[in-house]
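Please read the structure below before turning to the comments.
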Amino acid sequence: EEGSKTAALMLAFIYLSDFQVPINVDKAILYYDVFQTLDPNYYDQYLDYFIPQVQARILLEDENPSNDFKATKLLRLTNYSRYAPSLRLLAKCYSFGLGVDKNYSIAHQLFERSIEYERNQYGRLNYIWWLAVHPDEGFRDELKALNIMNSLDEFDEEMLVIAYDNYAAVYAANSQFDKALEFQKKALYQLDKGMIKYPIYKDWLNEYQARLKSYQKQQAWLEK
């Protein structure tokens with residue numbers, strides 16, 4: 001509202017990152033359009049680093065698969081070779097064949113590389129999630145997911161909602177349904193607490209409840 005290009009681009013990035021804020025492509029596109037219309041500032045040059053990231057994420061989230069190749073090309077830029085969010089997203093592309101030929105070996109390597117360069121523990125959380133819930137058993141490695149989970153002490157309270165949800169999925173994938181139920185109930189409790197402060201968390205409620213019902217039926221959760 002005050003004409004900050006930084007604020008506009010960062011808002012677009014946040015709404016595409018799926019980290020503590022649910023993805024909202026429409027809002028991301030809105031703020032990216034605002035970013036493009038604002039007058040440039042000499043001190044905004046560092047934003048050039050994030051522009052391809054935002055562009056790639058918009059291309060991947062739209063409903064046109066023909067754009068995915070361009071998105072992965074942006075993610076493979078040399079200056080992102082040690083940038084964990086880019087590595088993580090590119091890994092997902094290789095695991096599903098989005099804009100690239102499906103290659104599980106490369107996907108695993110990229111996920112592991114993203115953990116190496118991650119400043120927080122979200123990269124590991126994201127990797128164990130896909131190890132547990134990927135729709136193709138050729139990619140899944142439920143036992144590996146269980147073995148590389150880190151201590152919950154490493155997460156701040158606002159990350160616990162995601163951590164509990166992901167850990168529940170890993171336990172269910174390893175047929176430890178008592179623990180899966182325990183952690184999914186904790187995830188729902190944290191989600192309820194979070195919704196008081198961040199009503200947007202309600203976007204996750206149906207999925208969290210659906211996973212709880214799945215574990216009650218002794219069924220692991222798989223993404224489509």
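Any value given below was found using the heavy atoms of this structure, including those in side chains, with hydrogens, waters and symmetry copies removed. Because the structure is predicted, anything quoted here is derived from the model rather than measured.
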Exercise for the section: May I have the step-by-step check of side-chain contact (heavy atoms from CB on, under 4.5 Å) for L74 and L59, ending in yes or no? Expected result: CA-CA 10 Å; L74 289 168; L59 292 171; 4.3 Å; yes
Exam field: side chain [X] to backbone [Y], donor-acceptor pair closer than 3.5 Å:
| X | Y | value |
| --- | --- | --- |
| T72 | F69 | yes |
| R124 | E112 | no |
| K5 | F35 | yes |
| S86 | L75 | yes |
| S214 | Q219 | yes |
| D141 | L131 | no |

Could you state the interatomic distance from [atom1] ([X]) to [atom2] ([Y]), rounded to the nearest 0.5 Å?
| X | Y | atom1 | atom2 | result |
| --- | --- | --- | --- | --- |
| S114 | K92 | OG | NZ | 13.0 Å |
| Q176 | Y171 | CD | OH | 6.5 Å |
| N24 | D203 | CG | CG | 8.0 Å |
| D44 | S4 | CG | OG | 7.0 Å |
| L143 | L146 | CG | CG | 6.5 Å |
| I51 | Q36 | CD1 | CD | 8.5 Å |

Would you find more than 12 non-hydrogen atoms of other residues, nucleotides or ligands less than 6.0 Å from [X] atom [atom1]?
| X | atom1 | value |
| --- | --- | --- |
| D48 | CG | yes |
| K179 | NZ | no |
| N64 | CG | yes |

Problem - Audit row: Y201, Y208, side-chain contact (heavy atoms from CB on, under 4.5 Å) steps and yes/no - result: CA-CA 11 Å; Y201 279 18; Y208 277 49; over 6 Å; no
Problem - Verdict with supporting geometry, I200 and M195, side-chain contact (heavy atoms from CB on, under 4.5 Å) - result: CA-CA 7 Å; I200 198 171; M195 283 190 295; over 6 Å; no
Smallest separation among heavy atoms of [X] and [Y], with atom names:
| X | Y | answer |
| --- | --- | --- |
| A91 | L110 | CB-CB, 3.5 Å |
| V34 | A8 | CG1-CB, 4.1 Å |
| I14 | V21 | CG2-CG2, 3.9 Å |
| F177 | A220 | CE2-N, 3.8 Å |
| Y94 | A107 | CB-CB, 3.9 Å |
| A12 | V54 | CB-CG1, 4.0 Å |

Compare all side-chain heavy atoms of [X] with those of [Y] and state whether any distance is below 4.5 angstrom.
| X | Y | result |
| --- | --- | --- |
| R88 | Y127 | no |
| D192 | Y189 | no |
| V25 | Y15 | no |
| W129 | W221 | yes |
| L125 | M159 | yes |
| E116 | R82 | no |
| P135 | F96 | yes |
| D33 | L30 | no |

Co-membership, hydrophobic cluster, residues [X] and [Y], 4.5 Å side-chain:
| X | Y | value |
| --- | --- | --- |
| L16 | L60 | no |
| Y80 | M10 | yes |
| L77 | Y49 | yes |
| W204 | I196 | no |
| L87 | F13 | no |

Exercise for the section: Take T6 and Y46 through the side chain to side chain donor-acceptor pair (under 3.5 Å) test and state the conclusion after the steps. Expected result: CA-CA 9 Å; T6 298; Y46 76 97; 3.2 Å; yes
Indicate whether any N or O donor in one side chain lies under 3.5 Å from an N or O acceptor in the other, for [X] and [Y].
| X | Y | result |
| --- | --- | --- |
| E142 | N174 | no |
| Y104 | D136 | yes |
| S105 | N103 | no |
| R57 | Q53 | yes |

Practice task
Give the intermediate values and the outcome of side-chain contact (heavy atoms from CB on, under 4.5 Å) for residues F183 and L152.
Solution key: CA-CA 11 Å; F183 276 78; L152 287 167; 3.5 Å; yes
Practice task
Would you please classify the geometry between the H134 ring and the W130 ring as parallel, tilted or perpendicular, with 30° and 60° separating the classes?
Solution key: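 Rings of W130 and H134: perpendicular, over 60°.
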Exercise for the section: Would you please indicate yes or no on a ring centroid separation below 6.0 angstrom for Y164 and Y167? Expected result: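 No, the ring of Y167 stays outside the 6.0 Å limit from the ring of Y164, centre to centre.
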Problem - L212: side-chain contact (heavy atoms from CB on, under 4.5 Å) partners, not counting sequence neighbours - result: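 Result, side-chain contact (heavy atoms from CB on, under 4.5 Å) vs L212: L181, Q184, K185, L188, Q216.
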